[in-house]
Enquirer: 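Handing you this structure, nothing more for now.
Computed from a predicted model, the values in this text were never measured in an experiment. Letters A, B, ... mirror the listed sequences (proteins, then strands); counts begin at 1.
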2 protein chains.
Amino acid sequence: MNEKTSRDALAVAGRTSPTLEDLASAAGVSRSTASRAINGGSKVSPEAQAAVDAAIVALGYTPNRAARSLVTRRTGSVALVIPEPDARVMMDPYFAAVITGVNEALRDTDLQLVLLMSRAGDDSARTIRYLRGGHVDGAIVVSHHRADDWVETLGATGLPTVFIGRPWDTASGIPYVDLDNFEGGRLAARHLAGIGRTRLGSIAGPTDMTAAVDRLDGWLQGLREAGLQPGPVIHGDFTTAGGADAAKSLMDGTPGLDGVFAASDLMALGVVDTMRAAGRRVPEDVAVVGFDNHDIQAANGLGLTTVAHPMVDMAATAGRLLARAIEEPGIALESVIYPADLVVRGSTAS
Amino acid sequence: MNEKTSRDALAVAGRTSPTLEDLASAAGVSRSTASRAINGGSKVSPEAQAAVDAAIVALGYTPNRAARSLVTRRTGSVALVIPEPDARVMMDPYFAAVITGVNEALRDTDLQLVLLMSRAGDDSARTIRYLRGGHVDGAIVVSHHRADDWVETLGATGLPTVFIGRPWDTASGIPYVDLDNFEGGRLAARHLAGIGRTRLGSIAGPTDMTAAVDRLDGWLQGLREAGLQPGPVIHGDFTTAGGADAAKSLMDGTPGLDGVFAASDLMALGVVDTMRAAGRRVPEDVAVVGFDNHDIQAANGLGLTTVAHPMVDMAATAGRLLARAIEEPGIALESVIYPADLVVRGSTAS
DNA sequence: GGGTTTCACGGGAGCGCTCCCACGCGGGAG
DNA sequence: CTCCCGCGTGGGAGCGCTCCCGTGAAACCC
């Protein structure tokens with residue numbers, strides 16, 4: 001008895017936190033009743049409930065998550081998997097938005113967010129081991145490049161999973177949250193055509209991302225519907241610098257260019273700067289449409305016409321979907337596609 | 001026996017992962033020996049070690065973290081506490097850098113990063129409860145505003161903690177990682193004075209952040225040393241828009257202004273744009289020094305002279321410090337102050 | 001009224017792991 | 001040869017919790 005006490009004291013460096021047993025005896029009930037009172041007190045008398053509640057406050061009791069996990073086989077945490085976390089990628093405001101949104105959704109639950117960033121290769125194997133190891137109750141995967149094999153891997157584990165951004169392989173039926181990128185591209189084309197622009201070029205995103213491909217497909221479809229030529233397409237990397245480079249190519253290759261659709265606002269910003277530097281007026285000579293409705297769109301003093309992409313909301317939706325999948329195991333989740341919405345501003349005025 | 005098996009199977013939805021006991025019997029050793037082999041095999045014969053290693057691979061064994069935590073009282077995860085997580089703050093590349101850096105450091109350990117974002121008020125109480133509840137082995141706190149009471153709170157829990165950015169209250173002795181912000185401000189002043197600028201203004205950061213205050217103090221000290229007048233000081237919010245606004249005030253208030261120190265690159269960018277829009281040439285009429293050496297500094301085609309602020313490295317250092325504090329409990333950690341370094345570019349040419 | 005159901009509660013078992021301790025066995029010292 | 005020490009090993013206990021089941025008392029039905 002004495003030994004036990006001293007060992008305990010030593011193990012936690014002098015202060016041991018109260019256990020459920022302590023709580024129960026302080027409240028004058030049994031361990032079982034205390035447990036019931038804590039976990040949504042059905043079958044608990046009001047008096048017992050009150051006594052336990054009081055004791056919780058008095059003792060500053062916090063359940064031991066490890067002990068609880070051990071028996072419930074639930075960890076109370078979910079993973080946010082971000083492939084390829086080099087600094088450049090992390091700087092992308094996209095991830096900030098994702099983290100913000102997911103966190104927002106999880107705030108209402110008692111789930112905690114564990115960040116899992118994994119590079120390609122070995123590290124990815126490590127991440128997968130972690131996910132399979134039952135350390136988390138579910139995962140949100142920021143779908144990115146075609147090469148990722150997360151879909152099949154996670155599908156095989158049976159771990160509740162939600163993708164942000166449509167994964168390449170949707171056959172597995174894993175739910176995802178995405179924007180209607182196709183429609184977004186189509187809206188851009190229709191808008192530019194609608195204001196009378198006819199010689200249109202596009203700066204698309206990387207071909208290994210579904211969002212980029214969908215936006216481009218929608219764009220081309222929109223042009224077709226408007227009876228316009230497809231026009232030149234250059235693939236950029238979603239960055240401002242990439243957009244600037246692509247804009248130069250576009251100008252060189254297409255003299256009478258009067259409208260550009262860039263698949264991200266950052267690229268659109270590069271386009272505007274480049275055009276202006278080359279003496280073209282925006283929107284008079286060249287109208288520019290971006291994508292994302294990023295805060296930075298107003299950076300050059302000109303409002304940027306763009307397709308809204310409520311990333312924080314979308315990430316929050318993903319978080320809620322996952323929370324539900326964890327709450328009700330076996331439930332079939334529906335993917336959520338946000339409708340695309342064009343925000344018209346100065347860069348395509350008149 | 002039958003009941004037990006079926007319950008287990010049900011609990012994990014048809015597939016139960018192997019336990020240490022399974023591992024041991026597969027390897028032909030006892031549970032104890034298997035455990036020893038896994039956790040750094042002292043007192044384990046080479047044969048036993050090999051047998052266990054082989055069985056791990058064969059069974060795809062992963063230790064149950066909950067069970068381990070229960071007895072070791074270590075959770076294998078650390079918290080990254082980010083106060084005030086509204087979207088605007090998260091968009092700050094600073095946090096992206098912090099996350100990247102911390103993750104980088106933790107990659108070498110088997111610690112996982114749990115993200116804890118807490119708003120002021122109730123939420124902060126919840127976060128503190130979480131930290132006190134023994135759910136993590138340590139915490140990294142992104143020190144931000146004066147109002148935060150993390151220092152005292154965490155100091156009281158005895159939880160290993162490292163701050164990123166010097167906290168207001170250093171009396172508690174909690175270690176932190178920071179840049180020598182004072183010296184950074186001083187370098188800016190000396191540099192501008194050195195290239196012959198004499199009518200200098202500054203755009204400082206919020207007064208409730210140590211970094212902002214230190215940079216300003218250093219700046220003023222540098223001016224004094226150079227025998228220059230202190231000049232006007234305007235407090236901005238570290239954003240580009242804030243920098244632009246402040247620049248207007250500076251111009252209005254100080255006609256002959258020929259040099260500006262902005263306490264962040266984003267603000268410096270706003271300054272440059274505003275100056276140019278007002279017809280002032282940079283650097284000829286007005287030289288501008290920023291702070292952070294942010295990637296975006298080249299955005300307007302002009303290289304920005306700035307004080308380097310290796311945020312990713314610093315965050316990684318914080319991560320390593322924390323890992324060490326967890327590894328060797330009771331060890332006294334030293335704070336790490338990165339020296340300030342001025343990067344001279346076009347915005348202060350000649 | 002007896003029998004049955006309902007309800008709140010308490011005790012026991014066990015989740016998978018680590019740690020302590022006891023055990024056997026070989027080799028060096030006396 | 002005996003004693004002892006150290007090394008590798010195995011079993012037992014227990015970490016704090018949840019869940020199952022048994023118990024007694026109150027409430028209900030016919």
Side-chain angles (χ1 to χ4, degrees), chain A residues 1 3-12 16-52 56 59 61-76 110 133-135, chain B residues 1-12 16-52 56 59 61-76 133-135:
Chain A
M1 192 58 174
E3 292 164 1
K4 176 182 172 299
T5 307
S6 69
R7 184 156 57 75
D8 279 3
L10 206 145
V12 293
T16 176
S17 56
T19 73
L20 183 60
E21 198 97 35
D22 300 335
L23 213 226
S25 74
V29 299
S30 76
R31 189 166 29 93
S32 303
T33 302
S35 174
R36 277 187 287 260
I38 289 169
N39 307 310
S42 81
K43 310 262 185 190
V44 176
S45 68
E47 306 85 59
Q49 181 74 52
V52 172
I56 288 175
L59 271 63
Y61 172 78
T62 320
N64 181 317
R65 216 168 180 117
R68 179 179 281 179
S69 286
L70 186 57
V71 41
T72 59
R73 293 163 176 283
R74 298 254 314 251
T75 64
D110 58 351
H135 302 307
Chain B
M1 189 60 173
N2 216 345
E3 292 164 359
K4 176 184 171 299
T5 307
S6 69
R7 183 157 57 76
D8 279 5
L10 207 143
V12 293
T16 176
S17 55
T19 74
L20 184 59
E21 198 97 35
D22 300 335
L23 212 227
S25 73
V29 299
S30 75
R31 191 166 30 92
S32 302
T33 303
S35 175
R36 275 187 288 261
I38 290 169
N39 307 310
S42 78
K43 309 260 189 191
V44 175
S45 68
E47 305 86 59
Q49 181 73 51
V52 172
I56 288 175
L59 272 63
Y61 172 78
T62 321
N64 182 316
R65 217 169 178 117
R68 179 179 281 180
S69 286
L70 185 56
V71 42
T72 59
R73 293 164 177 284
R74 297 253 314 249
T75 64
H135 301 308

Enquirer: Please evaluate the base of dG10(D) for a donor-acceptor partner in the side chain of Thr33(B) within a cut-off of under 3.5 Å?
Expert: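 A donor-acceptor contact between them is absent.
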
Enquirer: Rounded off to whole Å, could you give me the CG-to-P distance for the Leu20(A) and dC19(D) pair?
Expert: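 One finds 12 Å between P of dC19(D) and CG of Leu20(A), rounded.
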
Enquirer: Roughly, in whole Å, what's the span from CG in Asp22(A) to C1' in dC15(D)?
Expert: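 Distance check: Asp22(A) CG to dC15(D) C1' gives 13 Å.
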
Enquirer: Students often get this wrong, so: under 4.0 angstrom with heavy atoms, is Ala48(B) touching a base, only sugar-phosphate, or nothing?
Expert: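 Sugar-phosphate contact only - Ala48(B) comes under 4.0 Å of backbone atoms but never of a base.
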
Enquirer: Under the 3.5 Å rule, do the base of dG12(D) and the side chain of Arg31(B) count as making a donor-acceptor pair?
Expert: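 For Arg31(B), whose side chain was compared with the base of dG12(D), there is a donor-acceptor pair (under 3.5 Å).
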
Enquirer: Provide, to the nearest angstrom, the distance between the CZ atom belonging to Arg65(B) and the C1' atom belonging to dC17(D).
Expert: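 It is 19 Å, rounded to the nearest whole Å.
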
Enquirer: What integer distance in Å separates Arg74(B):CZ from dC15(D):P?
Expert: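 From Arg74(B) CZ to dC15(D) P: 20 Å.
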
Enquirer: Base, sugar-phosphate or nothing for Ser45(B)? Non-hydrogen atoms, less than 4.0 Å.
Expert: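 Sugar-phosphate only.
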
Enquirer: Looking only at side-chain atoms of Arg36(B), point me to the closest of dT18(D), dC20(C), dG10(C).
Expert: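 In terms of side-chain proximity for Arg36(B), the closest of dT18(D), dC20(C), dG10(C) is dC20(C).
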
Enquirer: Look up atom CZ in Arg68(A) and atom CG in Asn39(A), then write down how far apart they are to the nearest 0.5 Å.
Expert: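 These two atoms lie 5.0 Å from each other.
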
Enquirer: Using heavy atoms to find the nearest nucleotide of DNA chain D for Ala67(A) and Val29(B) separately, return the residue whose nucleotide is more 5′.
Expert: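 The answer here is Val29(B).
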
Enquirer: For the pair made of CD in Gln49(B) and P in dC7(D), what is the distance, rounded to whole Å?
Expert: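 It works out to 17 Å between those atoms.
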
Enquirer: Is the side chain of Arg65(B) donor-acceptor paired with the backbone N or O of Gly76(B) at a distance under 3.5 Å, no angle test?
Expert: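 Yes, the answer is positive, given that a donor and an acceptor are paired below the 3.5 Å cut-off.
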
Enquirer: Any donor-acceptor pair under 3.5 Å between the side chain of Ser30(B) and the base of dG11(D)?
Expert: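 Answer no: no donor N or O sits under 3.5 Å from an acceptor.
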
